[in-house]
Amino acid sequence: MVSIEIDGKKIQARDGALVIEAADDAGVYIPRFCYHKKLSIAANCRMCLIEVEKAAKPLPACATPVTDGMVIFTKSPKAIDAQKGVMEFLLINHPLDCPICDQGGECELQDIAMGYGSDVSKFTEKKRVVKDKNLGPLIATDMTRCIHCTRCVRFGAEVAGVRELGATGRGEHTEIGTYITSNVSSEMSGNVIDLCPVGALTSKPFRFSARAWELVERDTIAPHDCIGSNLKVHVCNGREVVRVVPRENEAINETWISDRDRFSYEALYSDDRLKTPMLKENGAWREVDWETALQAVIVGINKTITDSGADRVGALAAPTSTLEELYLMQKLMRQMGVNNIDHRLRQLDFSDQQQAPVFPWLGQPINNLENNNAVLLIGSNVRKDQPIAAHRLRKAGVRGSKIMTLNAVDYDFYMPIMAKIITSPMDYKHQLAGIAKALLAQTKQPAPNGFEKLVSKVKITASHQAIASALVEGSVSSVLLGPQAINHPEASTLRMLAQLITLLSQSQLGYLSEAGNSVGAWMAGMLPHRVAGGKDADKTGLNALEMLHKGLRAYVLLGVEPEIESAESVIASRALNDADFVVSLTSFSSEAMRQYADVMLPIAPFAETSATFINAEGQWQSVAGVVPPLGETRPAWKVLRVLGNLFGCSGFDYITSDDVLTEVKQLTKDCQTDNTVVWCCPAPITTNSNADILVRIAEVQMYAGDSLQRRAQALQNTHDADFAAIRINKACAKKFGLKDGVKATAAQNGTEITLPVVVDDNVSDNSVLIHCGLRDSAALSTDFTPISIRPV
Amino acid sequence: MANEVCFSTLHLDKSWALSTYQAAGGYAVWKRILKNKTSPDDIISELKTSALRGRGGAGFPTGLKWSFMPRNTPGQKYIVCNSDEGEPGTCKDRDILRYNPHALIEGMAIAGYTIGASIGYNYMRGEFYEPYDRFETALEEAYKAGILGKNIFKSGVDFDLHSHIGAGAYICGEETALLESLEGKKGLPRFKPPFPASYGLFGRPTTINNTETLASVPYILANGGKWFLELGRPNNGGSKLFSVSGHVNKPGNYEVPLGTPFAELLEMAGGVWKGKELKAVIPGGSSTPVLPAKIAMEMDMDYDSIAKAGSMLGAGSVIIMDETTCMVKTLGRLAYFYYDESCGQCTPCREGTGWLSRVVNRIEIGKGQQQDLDLLLDVAGKIGGRTICGLGDAAAMPVMSFLNHYRDEFQFHVDHKRCMV
Ligand SMILES: Cc1cc2nc3c(=O)[nH]c(=O)nc-3n(C[C@H](O)[C@H](O)[C@H](O)COP(=O)(O)O)c2cc1C
Ligand code: SF4
Ligand code: FES
């Protein structure tokens with residue numbers, strides 16, 4: 001610590017702290033534009049000039065480290081003169097038309113000009129005009145307003161990991177823009193909107209829809225990925241969500257959010273939004289009141305149970321549902337004798353569910369990701385799946401940590417990758433076995449029971465050795481299973497091998513799970529084999545896949561669209577359409593849903609309901625609803641409570657959602673946060689016998705993960721919302737006679753689909769990437785299984 | 001007493017050839033240092049004795065600068081030569097590259113040895129095609145003769161030297177912008193601290209010196225610091241190249257001892273042309289304050305004397321203006337130069353230089369208003385001392401000095417919408 005004096009106040013400051021940091025800590029405000037605590041120091045705006053005793057010139061507070069005995073004046077005549085001088089320069093070429101600027105009222109330049117600007121300008125020349133750039137569907141530009149602080153440029157280079165924005169030209173002609181005229185495509189790009197101190201970069205969907213002073217800011221949590229980023233929602237007129245920005249939480253999302261979390265709110269007002277309860281009678285839909293709708297549900301479900309038995313009823317919920325909803329859904333079902341309960345719609349391998357951890361989680365706090373010295377990612381496109389996790393890993397990678405991947409697609413992670421194995425999904429187990437075998441040799445530890453036989457035919461490669469050594473050498477190291485591993489047809493084998501690798505290398509096993517409440521769904525008992533708190537169910541019901549395969553008589557859906565969210569989309573669609581009774585608790589209706597459902601109950605989505613989410617690190621985050629539910633919509637926890645009462649179930653007398661939460665907390669208080677599973681030798685691994693089989697990689701398209709994202713228009717207009725296509729590498733395309741841009745037919749399990757071919761050499765051999773989550777590819781059955789392709 | 005240092009071989013045939021340089025005693029110092037493993041501290045102390053001051057503009061004592069290098073910290077360190085020579089009025093470094101490139105190579109090798117840098121870069125101005133070729137040829141010769149490279153003359157000392165040619169931006173002469181440019185980035189000056197001695201090229205400790213500074217080093221070490229000091233004056237050691245340009249009969253580069261009266265230098269350059277009267281002198285390059293004839297004629301050409309006269313020796317670029325010169329138009333051209341060359345990074349320079357240029361231009365074409373004169377001083381005052389690098393000061397200084405000495409001419413332009421001269 002050093003002693004300094006700021007404006008006559010004697011304070012202690014951290015050694016090496018910058019004057020601006022010390023001043024902030026001491027509550028002394030110094031005006032600034034280019035400085036941002038998460039970005040490198042540029043010291044280019046000069047707004048923070050201050051006077052330092054014995055210094056000949058004013059110094060920028062953002063770039064001057066404190067020294068012992070330093071005497072600082074932030075408001076002396078010299079300092080004020082320097083600050084006012086800079087403000088005058090900033091304003092000469094800046095348009096002074098705040099009333100027509102989208103940033104007006106929340107503009108750093110406007111605010112600081114109130115304190116340091118003059119009311120008359122001495123500048124009588126023509127003002128600079130800069131051509132606007134088209135940065136894509138998310139970010140609106142008004143480049144004449146740019147003050148060249150380069151925060152946006154530094155964000156790209158330092159945080160997003162991709163330099164999409166840059167400063168071209170020199171001097172007065174410096175312009176911020178993209179190289180040539182490309183879009184900005186980073187999955188974190190929206191953060192530049194918050195960073196831009198002026199109205200140069202603003203939110204395209206929000207633009208000109210409200211003024212800052214008309215908005216109320218309320219807190220919520222993002223439901224989409226497993227990070228649970230903290231958000232602030234901007235509410236207009238007390239009822240409409242018009243914008244979403246990050247809420248700082250150093251432990252989770254720092255000051256950033258992904259574009260997914262920022263722009264998904266648009267779906268709240270999409271045309272698909274269901275606003276009143278709907279009932280299908282004689283094939284025709286009509287709007288009904290809640291009583292009528294709920295009565296129809298009671299009758300429909302009771303009838304099925306009476307006619308076919310509770311075993312012929314199933315409940316499916318989206319892992320983006322709230323903890324309260326998930327808990328009440330399974331409680332209601334179980335009381336009615338229904339054990340077919342699940343949230344794992346994309347999962348294919350359930351064989352080890354009995355010994356799965358109580359809840360598969362990250363195995364470490366999110367902020368610890370950046371402390372890893374070595375990380376092996378398996379089946380993960382982390383940059384697109386969980387952008388915030390990718391940012392943490394990138395920090396580690398840039399620092400020199402060894403980031404390694406085992407994937408079917410050679411994704412560009414925007415970070416240094418030490419080793420990568422790009423191979424068909426069917427080959428994952430061989431590769432993991434190879435790494436485990438290398439580790440056994442390196443660490444000279446005894447092989448677990450049956451392992452030697454298991455891997456006798458597996459050859460150790462240089463990559464296996466390198467990955468093994470990196471994991472062993474890293475004092476903090478992790479093996480992370482991504483969605484493509486969790487939902488893999490051989491997920492249990494992969495899990496077992498991954499665990500063996502972590503045991504041998506003393507690393508942490510972690511799951512980068514799919515959705516905002518994947519962990520919550522496990523905890524709440526939204527599973528066929530376990531009740532809340534991870535205890536075994538009295539009777540194990542059918543899992544999601546079985547429920548659809550077996551064709552039940554009635555389905556209860558909570559926030560899901562199984563016809564695109566299930567790994568077996570075709571079978572799901574058939575099962576739902578063949579059922580006698582389907583009730584969907586949903587915020588949106590679709591063509592397909594109107595086909596298979598009999599009752600649609602409008603439930604409050606994100607922002608309209610109180611909610612608890614448990615993120616990948618096991619953090620419980622509870623928030624209140626921020627806007628009233630739209631139309632006749634009701635929070636699902638209330639709907640489930642009423643259903644519980646109507647069905648005559650006990651323990652459904654909750655008054656608030658907090659009562660539900662308290663109950664879940666009580667039931668889960670003994671949950672162990674442990675990812676280890678007991679060793680149980682997988683079936684022997686033969687050599688690459690599947691090598692010649694073409695396999696589908698079923699990655700969920702970036703903005704197709706849940707019902708909100710799919711209806712957020714701006715996100716759907718981005719590059720990441722890729723159209724459905726058959727993506728295949730050059731060699732495979734040649735082998736099957738396919739041409740880039742020309743349509744081809746993909747056939748799988750008796751289903752067929754015709755889509756354009758995109759030749760992409762990042763796709764591994766013997767694999768085809770056909771994104772799932774898309775209506776255009778839903779007619780193809782089963783993720784990750786053999787597929788054949790032929791030209792049309 | 002001229003041509004004692006960088007120009008000492010100028011009169012020789014093919015002065016740029018290795019053989020010529022060696023015949024005149026070149027590389028003897030380098031070989032001696034390698035052989036005796038001269039202590040770097042001794043070299044630095046010799047430089048301190050010589051009172052060699054940086055020839056790039058700021059006049060910082062070279063021995064002191066070299067002593068700042070953390071010579072013994074492990075890892076790569078660099079010596080960089082600044083041959084960007086962009087200052088209007090300057091053309092001396094070009095002639096060192098053309099006529100005495102080996103002195104620079106030897107100076108850089110010695111510098112590298114002294115500061116612990118095994119790699120050097122010579123960053124040359126984008127327009128220097130011919131000097132670049134000359135320097136490259138000299139480098140080749142030196143490598144062939146085993147003067148550069150690995151384990152030079154079996155001494156165990158390595159020194160590799162590379163040429164780099166810029167793209168014609170004045171700002172890349174500013175040492176940290178130069179480093180950025182050398183790294184392959186846009187030439188934007190860095191905020192200091194950290195200074196290059198701790199965070200320089202590729203983030204490693206680096207010393208940057210001007211061409212003339214480095215080319216002087218072998219001569220100093222050959223003849224002794226005292227010899228060099230006594231060529232000039234106390235605190236102003238050596239002789240110096242002055243690029244005399246403008247309204248003179250014989251413009252060109254002149255190497256004269258520091259302390260030579262300006263009048264003598266003007267005489268050497270053939271005096272003011274066409275029998276005209278001297279009106280004004282910019283003694284150190286376009287960034288230094290202008291001086292009226294009367295003051296200039298009584299001034300001596302060394303750092304301290306020029307400072308006393310109210311200007312700066314800068315890079316030694318003496319711009320002579322005769323009685324027919326319109327000071328408003330001249331300032332207009334200078335102001336335009338800084339406006340055009342501003343990198344655009346920091347606010348005062350980006351916004352202020354354009355403003356200055358436009359206002360001066362307006363006055364010149366007869367559209368000036370009374371308040372413009374004070375406006376110029378006000379704007380210049382808000383740029384000077386508040387920018388990341390010295391370009392802001394360089395832009396402000398001419399404005400202040402022109403208005404200081406020639407306000408009546410500006411007033412005349414405003415009042416009569418035409419020029420006084
Ligand atoms: C805008 C600007 C332009 C400069 N241009 C040059 C140049 O062309 N050549 C040069 O040697 N120094 C130039 N300098 C000075 C350098 O920054 C640096 O001080 C010098 O190269 C140090 O060498 P010296 O100590 O040997 O003088 C410039 C400085 C500024 C601020
Ligand atoms: S666009 Fe905004 S953030 Fe980027 S440099 Fe300009 S003012 Fe700064
Ligand atoms: S905030 Fe310090 S220079 Fe911009």
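Lettering of chains follows the sequences in order, A, B, ..., and the numbering in each one begins at 1. Owing to the predicted nature of the structure, the values given are computational and were not obtained by experimental measurement.
Between B/R407 and B/D374 a salt bridge is recorded (basic side-chain N to carboxylate O distance below 4.0 Å). In summary, A/E175 and A/K131 do not engage in a salt bridge, as defined by a charged side-chain N under 4.0 Å from a carboxylate O. Ionic pairing of A/R145 and A/D132 is not present here: no N-O contact between side-chain nitrogen and carboxylate oxygen is shorter than 4.0 angstrom. A/K122 has a carboxylate O that lies under 4.0 Å from a charged side-chain N of A/E88, or vice versa, which qualifies the two as a salt bridge. The residues B/D304 and B/K308 are annotated as not salt-bridged, no charged nitrogen and carboxylate oxygen being separated by less than 4.0 angstrom.
With sequence neighbours left out, B/M69 forms a side chain to side chain contact (heavy atoms under 4.5 Å, CB included) with B/K77, B/I115, B/A197, B/P205, B/T207.
The choice from B/E341, B/R190, B/K192 that makes the most heavy-atom pairs within less than 4.5 Å of chain A is B/E341. Here B/W355 is the residue among B/Y339, B/F191, B/W355 with the most heavy-atom pairs under 4.5 Å with chain A. For the set A/K57, A/H148, A/R128, the entry with the most heavy-atom pairs within less than 4.5 Å of chain B is A/H148.
Exactly one of A/I147, A/N93, A/L91 qualifies for a side chain to side chain contact (heavy atoms under 4.5 Å, CB included) with B/E351. That residue is A/N93.
Only the side chain of B/D393 comes within contact range of chain A, with at least one heavy atom under 4.5 Å from a heavy atom of that chain. Interface residue A/A167: backbone and side-chain heavy atoms are both found under 4.5 Å from chain B. Only the backbone of B/D340 has a heavy atom closer than 4.5 Å to any heavy atom of chain A. Residue A/F123 touches chain B through both its backbone and its side chain, counting heavy-atom pairs closer than 4.5 Å. Residue A/L90 touches chain B through both its backbone and its side chain, counting heavy-atom pairs closer than 4.5 Å. Using a 4.5 Å cut-off between heavy atoms, B/Q371 does not touch chain A at all. When heavy atoms are compared at a cutoff of 4.5 Å, B/T353 does not approach chain A at all. Within the 4.5 angstrom heavy-atom criterion, atoms from both the backbone and the side chain of B/I383 approach chain A. Looking at B/K186, the atoms closer than 4.5 Å to chain A (heavy atoms on both sides) all sit in the side chain, from C-beta outward. Interface residue B/I388: backbone and side-chain heavy atoms are both found under 4.5 Å from chain A.
Judged purely by distance below 3.5 Å, without hydrogens or angles, the side chains of B/Y338 and B/S287 pair a donor atom with an acceptor atom.
No donor-acceptor pair under 3.5 Å is formed between the side chain of A/R394 and the backbone N or O of A/M415.
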